[in-house]
Enquirer: 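Structure in C-alpha cells, see below.
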There are 2 protein chains.
Amino acid sequence: MTVTIYDVAREAGVSMATVSRVVNNNPNVKPQTRKKVFEAIERLGYRPNAVARGLASKKTTTVGVVIPDISNATYAEVARGIEDIANMYHYNIILCNADKKKEKEIRVINTLLEKQVDGLLFMGGTVTEEHIQAFKTSSVPIVLCATADENNTMPAVDIDHEKAAFDAVQMLIDNGHRRIGMISGTLQDPALGYARYHGYKNAMEQAGLPAGDEWVRAGNYRYESGIEAMKYFLSLKERPTAIFSATDEMAIGAIHAIQDEGLRVPDDISVISVDNSRMASMVRPQLTAVAQPMYDIGAVSMRLLTKLMDKESVEQAKFTLPHEIIQRKTVAQLS
Amino acid sequence: MTVTIYDVAREAGVSMATVSRVVNNNPNVKPQTRKKVFEAIERLGYRPNAVARGLASKKTTTVGVVIPDISNATYAEVARGIEDIANMYHYNIILCNADKKKEKEIRVINTLLEKQVDGLLFMGGTVTEEHIQAFKTSSVPIVLCATADENNTMPAVDIDHEKAAFDAVQMLIDNGHRRIGMISGTLQDPALGYARYHGYKNAMEQAGLPAGDEWVRAGNYRYESGIEAMKYFLSLKERPTAIFSATDEMAIGAIHAIQDEGLRVPDDISVISVDNSRMASMVRPQLTAVAQPMYDIGAVSMRLLTKLMDKESVEQAKFTLPHEIIQRKTVAQLS
DNA sequence: CTGTTAGCGCATTCAG
DNA sequence: CTGAATGCGCTAACAG
C-alpha cells in the first residue's frame, strides 16, 4: 500500500540507511548512488513519513500555538507573524483557540505537549499558577507571546500596555485637555483592560487631573459598546473634551456617537485609542491611535522560540517591543 | 528521562497492553486495575506520546488546513469555523498560509501529507491541474473550502459567488438604478474577482443595461483602491447612480470618496457590496451588503471532512451555502 | 562512502 | 479481563 523507505532501498539496490541519507541531504553519499535513489523515489512516488521520523529523531518540526481567538484581527496578525517566521525555519504550527479560558488553555497546552511539539507559543489571558504548573511539565521551550507574566519567570515578548496607554493620555494632556474620559475594556483582562486603565490613571494623576470612576466607562471592546459609553459621557453636565479608548473599535463607536449628537471630532471632542488596526484609517476623520506591532510580536516570539529550541544561549528572554503614536485627525489642540 | 507506557506498566504491576487499554478507554479492564493504572500514571506524571501512537495506529487526529492568509478577516473567520468543529471531533489543525501562490500551495500540501494528517482542508486561489495531481497522491480525504473547483471533481463547500454578485446588482436594478458601476477585484482571482464580475455583467445584460469596460474599475480589495476607483466614477460626465463593490473595504472607500465630493450616500449615489464584514455596520451610513457565511463554510467543510475521514458514506460532496442581502442604509430607491 | 543493527513509544493481534 | 509478541517507518550510532 504505502511505500516506505525500505521499498525505495530495494528498488534502488541500496540500504535504507542510504536512502535516509539522501532524503535528509546528508553529504556523505556518492552522487551516483544519490541519483539512483532519487530515481527510485520518483518511480515509487515515495513520501517520507514525518510521524515515523518524529518518533525516531524526537523532533517533529512543529510548534504549538495557543491563541485566544484567530478570528480576532489583532491576534490573527500575531499569528501571521508567527507562521511566517516558523515557515522560514521549516516549522509548521498547530493552532488552538482557547478564548482566554483557563481550563481550555491548560487542556490545549497538554494536548500540544502530547503531540510532541518542539516548542510552544502561548498567547492567552492571565497566566496563573496553574499555567505555570502546566508549563513546568514541559520538556520543550515555551514563550509567552503578547501576554503578561506576573511572576516574570518565563521568556516573553509583548509591548508595555500600561506605558502605551500612558503615552496616549499624556498626548491628550500635552494638547491642553484636562477633562479626559476613558472607555476601558473589562478590568479583569490584565493586558487590555487593567493595564490600559492604569496607564490612564497614572497619567491623569501625575498631571493632577481627575480620573475617578465617573471618568471611566467599561466596554466590551466592540463598536456598540463604544457608542454606549460615549452616550454616557455626552450626557454629563461637564463633558470631557477628549476620550481615550482602549480599542479602535470602541473609539469608532465613540466618534459616531459624538457625530450623531451633532458634535464634531476633533473640534468638539478629541479621540485617541490603542490598536491602530486597519479600521483606524477607514473612518472619517481618521483615527489617531497608539500602534501596537502585533505582527512583530509574533515574529519576534517565534524567532526567540527557534533559538530556544536550538538550545542557543539567548542573552535576553524578555522583550518589550516599542509602541508608537500614529497621529491622524482625531486629536485637537485646546487653545 | 521521559516516562513511557512501559514505566507505567511496571509501576502499576501490569502489562503495557493494559496501560494502553486504560489510556484509550477500552472497557475491557477491571475497575480495580484501571484504578491502579491511573494512580501510577498520576504518580509518574505520564503523558502519552501522540507521535508514537500515530505511528502505531496510523491516525494522528490532526488535519491540515491550507489557507490564503490568516490575517485576512474573511479567512480568519473560516478558520475559526474549522477549528471549532475540529475541536468538537477531537482533531487539531496544522495551519499553513499559502497566499494563493500555486507553488507554495503545492509545497504545503505535500508537507502536510508527509506529516500524516488524517485529512486536508484546502482554501486557495485557482485549483489547477497541478493541484489535482497533488491531491491525487493523497491517501486521506481532502475537501475544498471556500474555493472553486473548475472540474467539479472534489468534495467542496462554498457559496455561489456569481449569484451573490448577481443578486446584489439585481437589487440595485429593482430599486430603479440603471447606471451602475462596479468596483471589482483582480479579474485573475476566480472567486472574488472573476465570478463577481460575471454576476454583475449578467445582471446588467439581462436587464438590458450597459456594463462595458467604462463601468468597471478594478481595485485590489483595499480601502484606498475603493477611493481611487470611485474618483474615476465621480469624474464621469454621466455618473453612476449606484456602485456595486466586490468587497466591503472598497465600498467604504467609495463611500468616503463620494462624501468627500460633497455628495451623499445613498441620496446621490447608492452603494452595495459583498462580504458583510464587521466593518459594514461601523460606517456611516451603515453599509448594505451581501453576507457570506464564512464561519459556516469553515464549519460545514470540517464536518464534511470528519465524515469522509470516518469513511461514512456521504450523500452529497458539494455544498453551496446560501448568501443573503443585509439591508442597511446605503441603497436608495430611485424615484 | 555504505550497510547492519537497534530502538523510538505505542496499538494491536493473538493467546490464555 | 490480561499479557506477550510484533511491527508501524524511520534515524542513529557503529562498523566496515
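Throughout, a chain's letter reflects where its sequence line sits, starting with A, and its residues are numbered from 1.
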Enquirer: Are Val63(B) and Met302(B) side-chain neighbours, meaning at least one heavy-atom pair lies under 4.5 Å?
Expert: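 Of all side-chain heavy-atom pairs linking Met302(B) with Val63(B), at least one is under 4.5 Å.
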Enquirer: Under 3.5 Å, side chain of Thr18(B) to main-chain N/O of Val14(B), donor-acceptor pair present?
Expert: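 Judged by distance alone, no pair lies under 3.5 Å.
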Enquirer: Calculate, to the nearest 0.5 Å, the distance between atoms CG and CG belonging to Leu120(A) and Leu308(A) respectively.
Expert: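 With rounding to 0.5 Å, CG (Leu120(A)) is 12.0 Å from CG (Leu308(A)).
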Enquirer: Other residues, nucleotides and ligands only: do more than 12 of their heavy atoms fall within 6.0 Å of OH on Tyr194(A)?
Expert: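 No, OH of Tyr194(A) has 12 or fewer neighbouring heavy atoms, counting only those of other groups under 6.0 Å.
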Enquirer: To the nearest 10°, let me know how far the axis at one end of the helix from dC1(C)-dG16(D) to dG16(C)-dC1(D) is tilted from the axis at the other, five pairs an end.
Expert: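 One end axis against the other gives 30°.
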Enquirer: What I'd like to find out is whether the side chain of Val78(B) reaches to under 4.5 Å of the side chain of Cys145(B), using heavy atoms alone.
Expert: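 Touching, per the 4.5 Å side-chain cut-off.
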Enquirer: With a 6.0 Å cut-off on ring centres, are Phe122(A) and His131(A) close enough?
Expert: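 Yes - the distance between ring centres of Phe122(A) and His131(A) falls below the 6.0 Å cut-off.
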Enquirer: Any non-hydrogen side-chain atom of Leu121(A) less than 4.5 Å from a side-chain atom of Leu305(A)?
Expert: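 Sidechains of Leu305(A) and Leu121(A): in contact.
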Enquirer: Could you give the start and end, 5' to 3', of the contact zone on DNA chain D for chain B, using atoms under 4.0 Å from its heavy atoms?
Expert: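 Terminal contacting nucleotides, 5' to 3': dC1(D) to dG9(D).
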Enquirer: Among Val19(A), Thr33(A), Val23(A), Val22(A), which residue satisfies the side-chain contact (heavy atoms from CB on, under 4.5 Å) criterion with Phe38(A)?
Expert: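 Exactly one option meets the side-chain contact (heavy atoms from CB on, under 4.5 Å) with Phe38(A), and it is Val22(A).
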Enquirer: Please write out each protein N/O paired with an N/O of nucleotides 9-12 of chain C under 3.5 Å, distance rounded to 0.1 Å.
Expert:
residue, atom, partner, partner atom, Å
dG9(C), OP1, Lys58(A), NZ, 2.9
dG9(C), OP1, Thr2(B), OG1, 3.3
dG9(C), N2, Ala52(B), O, 3.4
dC10(C), OP1, Tyr46(B), OH, 2.4
dC10(C), OP1, Asn49(B), N, 3.0
dC10(C), OP2, Ile5(B), N, 2.3
dA11(C), OP1, Asn24(B), OD1, 3.3
dA11(C), OP1, Asn24(B), ND2, 3.0
dA11(C), OP1, Arg53(B), NE, 2.7
dA11(C), OP2, Ser20(B), OG, 2.6
dA11(C), OP2, Asn24(B), ND2, 3.4

Enquirer: For Gln32(B), look at atom CD and say whether over 12 heavy atoms of other residues, nucleotides or ligands are found less than 6.0 Å away.
Expert: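 Not more than 12 within 6.0 Å, no.
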Enquirer: Is Cys96(A) close to Asn92(B) at the side-chain level, that is, under 4.5 Å between some pair of heavy atoms?
Expert: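 When only atoms from C-beta onward are counted, Cys96(A) and Asn92(B) do touch, with a gap below 4.5 Å.
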